[in-house]
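To keep things clear, I will list the structure first and then write my remarks on it.
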Number of protein chains: 2
Amino acid sequence: MKAPHYNVPVEATLEVIAGKWKVVILCLLKEGEKRFSELQRAMPAITKKMLSQQLKELEKDGVVNRKVYNEVPPKVEYSLSEEGETLREILNMMCAWGDRRMGNTPNCS
Amino acid sequence: MKAPHYNVPVEATLEVIAGKWKVVILCLLKEGEKRFSELQRAMPAITKKMLSQQLKELEKDGVVNRKVYNEVPPKVEYSLSEEGETLREILNMMCAWGDRRMGNTPNCS
DNA sequence: CCGTATCCGGCATGATACTG
DNA sequence: CAGTATCATGCCGGATACGG
């Protein structure tokens with residue numbers, strides 16, 4: 001754990017969401033709980049390793065909850081934590097901005 | 001130019017702002033026009049090469065304006081473009097989120 | 001189904017020197 | 001002051017195999 005001094009406050013935000021796939025993952029989770037395999041299907045280009053890693057970091061940073069069901073076959077559900085919910089508006093706006101830029105009607109709830 | 005198909009719309013947004021320093025740069029520019037050296041001073045860890053590169057990409061993506069004054073010594077000012085202004089609210093929120101997470105009073109206008 | 005472990009290559013980034 | 005040019009390097013992330 002480094003003790004970073006941020007020259008610009010937004011760096012504290014980036015520390016949490018700046019991973020290659022993190023914002024995409026969060027945008028999927030804001031739609032509701034999702035299983036590991038659901039996330040994979042929604043992001044065909046991501047590897048299991050990366051997905052696992054990014055989720056672990058998001059969990060460590062307190063924005064994502066991981067719920068394990070003791071079943072066979074295994075079942076794990078990911079969702080926004082309470083802290084993660086405070087990102088929802090930002091995620092919605094980022095999503096809407098991308099939609100608008102692509103010429104679509106914003107459809108990000 | 002690849003013709004990317006985005007599985008999640010927010011990827012179009014990330015295409016523009018996902019560089020290592022881009023959000024930090026944009027957050028500085030939302031305070032007003034800034035010269036190259038001002039940006040450097042605000043981000044002691046960035047190299048000239050990176051700063052130049054990230055600014056060039058932001059300009060290419062249409063969110064930053066570059067204004068050159070024909071003076072000696074040279075003077076260049078960067079600012080949010082009209083399109084960049086549409087990011088302002090997102091930037092403000094990201095900034096405020098970081099402030100809050102650090103336990104500061106949000107101070108991102 | 002939901003991961004981890006290991007290896008490895010390429011590209012992003014850094015360091016440094018140079019220029020109009 | 002505001003950048004390029006060039007070279008070196010490290011770590012990010014892909015591929016693959018294995019495990020509970």
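Side chains are part of it too, since the values below use all heavy atoms of this structure and drop only hydrogens, waters and symmetry mates. The sequence lines fix the lettering, A, B, ..., with proteins before strands; numbering per chain opens at 1.
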Select one nucleotide: of [options], the one nearest the side-chain heavy atoms of [X].
{"X": "B/R66", "options": "D/dG3, C/dT13, C/dC1", "answer": "D/dG3"}
{"X": "A/P74", "options": "D/dT4, D/dA15, D/dG20", "answer": "D/dG20"}
{"X": "A/S52", "options": "C/dT4, D/dA2, C/dA15", "answer": "C/dT4"}

Ion pair [X]/[Y], N-O distance below 4.0 Å:
{"X": "A/E83", "Y": "B/R101", "value": "yes"}
{"X": "B/K67", "Y": "B/E33", "value": "yes"}
{"X": "B/K30", "Y": "B/E89", "value": "no"}

Within less than 4.0 Å of OP1 or OP2 of [N], is there a side-chain N or O belonging to [X]?
{"X": "B/K56", "N": "D/dG3", "value": "no"}
{"X": "A/R35", "N": "C/dC1", "value": "no"}
{"X": "B/T47", "N": "C/dA15", "value": "no"}

NA contact type, [X], heavy-atom cut-off 4.0 Å: base, sugar-phosphate, or nothing?
{"X": "B/K20", "value": "sugar-phosphate"}
{"X": "A/Y78", "value": "sugar-phosphate"}
{"X": "A/K48", "value": "base"}

Nearest-Å distance for atom pair [atom1]/[atom2], residues [X] and [N]:
{"X": "B/Q40", "N": "D/dC1", "atom1": "CD", "atom2": "P", "answer": "10 Å"}
{"X": "A/E57", "N": "D/dC11", "atom1": "CD", "atom2": "P", "answer": "15 Å"}
{"X": "B/M50", "N": "D/dT4", "atom1": "CE", "atom2": "C1'", "answer": "15 Å"}
{"X": "B/E77", "N": "D/dC1", "atom1": "CD", "atom2": "P", "answer": "14 Å"}
{"X": "A/K49", "N": "D/dT16", "atom1": "NZ", "atom2": "P", "answer": "13 Å"}
{"X": "A/Q53", "N": "D/dG13", "atom1": "CD", "atom2": "C1'", "answer": "8 Å"}
{"X": "A/N70", "N": "C/dC1", "atom1": "CG", "atom2": "C1'", "answer": "13 Å"}
{"X": "B/L55", "N": "D/dT4", "atom1": "CG", "atom2": "P", "answer": "10 Å"}

Review point. Is A/K34 positioned over the aromatic face of A/Y78, cation under 6.0 angstrom from the ring centre and no more than 45 degrees off axis?
Key: no
**Study point:** Interatomic spacing from CG in B/L91 to CE in A/M93 - rounded to 0.5 Å
**Key:** 9.5 Å
